[in-house]
Amino acid sequence: MIPPSADEPAVSLRGFRPLDVPFVSGLVAEALHEHYDPSLYSSLSYDWPEGFLIAADPHDVPVGFLLGVNQVEHEARVLMFAVDRNHRTRGIGSRLMDVFLERARSRGLRRVTLEVRVSNATAIRFYTRYRFSVVDLLRAYYSDGENGYQMARDLG
Ligand SMILES: CC(C)(COP(=O)(O)OP(=O)(O)OC[C@H]1O[C@@H](n2cnc3c(N)ncnc32)[C@H](O)[C@@H]1OP(=O)(O)O)[C@@H](O)C(=O)NCCC(=O)NCCS
């Protein structure tokens with residue numbers, strides 16, 4: 001959707017590798033305020049490895065990721081999605097989402113769902129731009145008690 005700008009160092013997208021776990025769990029703690037067992041990431045990538053995308057700088061240092069799963073028939077779910085604070089608003093999140101939606105389409109999936117904190121206006125705006133809309137309110141969905149929205153869109 002947004003082309004990388006000429007003055008930014010190139011960021012490329014690749015698949016998740018077990019060596020990415022420290023980066024991913026650090027970003028999940030910092031940006032999503034959640035803490036999971038490190039073994040979770042490899043096990044979640046097992047069924048659909050192409051759904052777990054890493055954005056990396058020219059030195060292959062990760063700067064963002066999108067972890068999607070396909071646990072419900074015909075449906076992709078964005079489980080976790082974040083870009084390092086110092087690399088936001090440069091189109092990296094959009095590139096991750098564009099490639100993820102394309103991979104979900106190629107897999108024959110028809111719908112994508114996700115959950116987001118009700119207070120996360122930045123992410124809600126981002127998802128709205130991607131034609132996601134709120135389909136449900138999830139009470140005390142997060143480990144700290146905050147409510148969530150479930151958002152969804154069709155893959156057309
Ligand atoms: C949500 C998130 C992943 C988006 O990542 P990002 O890399 O900043 O995303 P982008 O740069 O593609 O887009 C962000 C905004 O910057 C704008 N933008 C992108 N490139 C731009 C550029 N070169 N110049 C100006 N604006 C630009 C986009 O239009 C977009 O605006 P919008 O969301 O209001 O439509 C990021 O904000 C994040 O990690 N947040 C914390 C974790 C989080 O909330 N994750 C979602 C949990 S459900």
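Residue indices begin at 1 and follow the sequence shown. Treat the numbers as computed from the prediction; the structure is a model and nothing was measured. Counting starts at 1 for both ligands and their atoms, in listed order.
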Considering [options] one by one, which has a heavy atom nearer to [atom] than any of the others?
atom	options	answer
atom 1 (C) of ligand 1	G64, A55, A123, G93	A123
atom 19 (C) of ligand 1	S119, G91, A121	G91
atom 44 (O) of ligand 1	L114, N120, V28, V11	N120

So, the side chain of [X] versus the backbone of [Y]: is there a donor-acceptor pair under 3.5 Å, distance only?
X	Y	value
R95	V11	yes
R103	E50	yes
R90	N86	yes
D136	L138	no

List ligand 1 atoms under 4.0 Å from [X], heavy atoms only on the residue side.
X	result
R125	32 (P), 34 (O)
V116	48 (S)
L32	42 (C), 43 (C), 45 (N), 47 (C)

For ligand 1, indicate whether the residue [X] contacts it via side chain, backbone, both or neither (heavy-atom separation under 4.0 Å).
X	result
T89	both
Y130	neither
R88	both
E115	backbone
R90	backbone

- Query: For R129 and ligand 1, does the shortest N/O to N/O distance drop below 3.5 Å?
  - Reply: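 Yes; at least one N/O pair falls below 3.5 Å.
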- Item | Any N/O pair Y127/ligand 1 closer than 3.5 Å |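 Looking only at distances, the answer is no, because the N/O contact criterion of under 3.5 Å is not met.
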- Message: Looking at E30 and R85, is any side-chain nitrogen of the basic one under 4.0 Å from a carboxylate oxygen of the acidic one?
- Response: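 Salt bridge: yes.
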- When you check the gap from the basic side-chain N to the acidic O, do R117 and E34 get nearer than 4.0 Å?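 Result for this pair is yes, salt bridge flagged.
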- Message: Taking the cut-offs as 6.0 angstrom to the six-membered ring centre and 45 degrees off its axis, would you call R153 and Y130 a cation-pi pair?
- Response: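 Checked: cation-pi criterion not met.
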- Are R129 and S94 linked by a side-chain donor-acceptor pair shorter than 3.5 Å?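 Present: a donor and an acceptor within the cut-off.
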- Message: If we count only N and O atoms by modelled type, under 3.5 Å, do the side chains of Y41 and D20 hold a donor and an acceptor together?
- Response: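 Side chains of Y41 and D20: no pair found under 3.5 Å.
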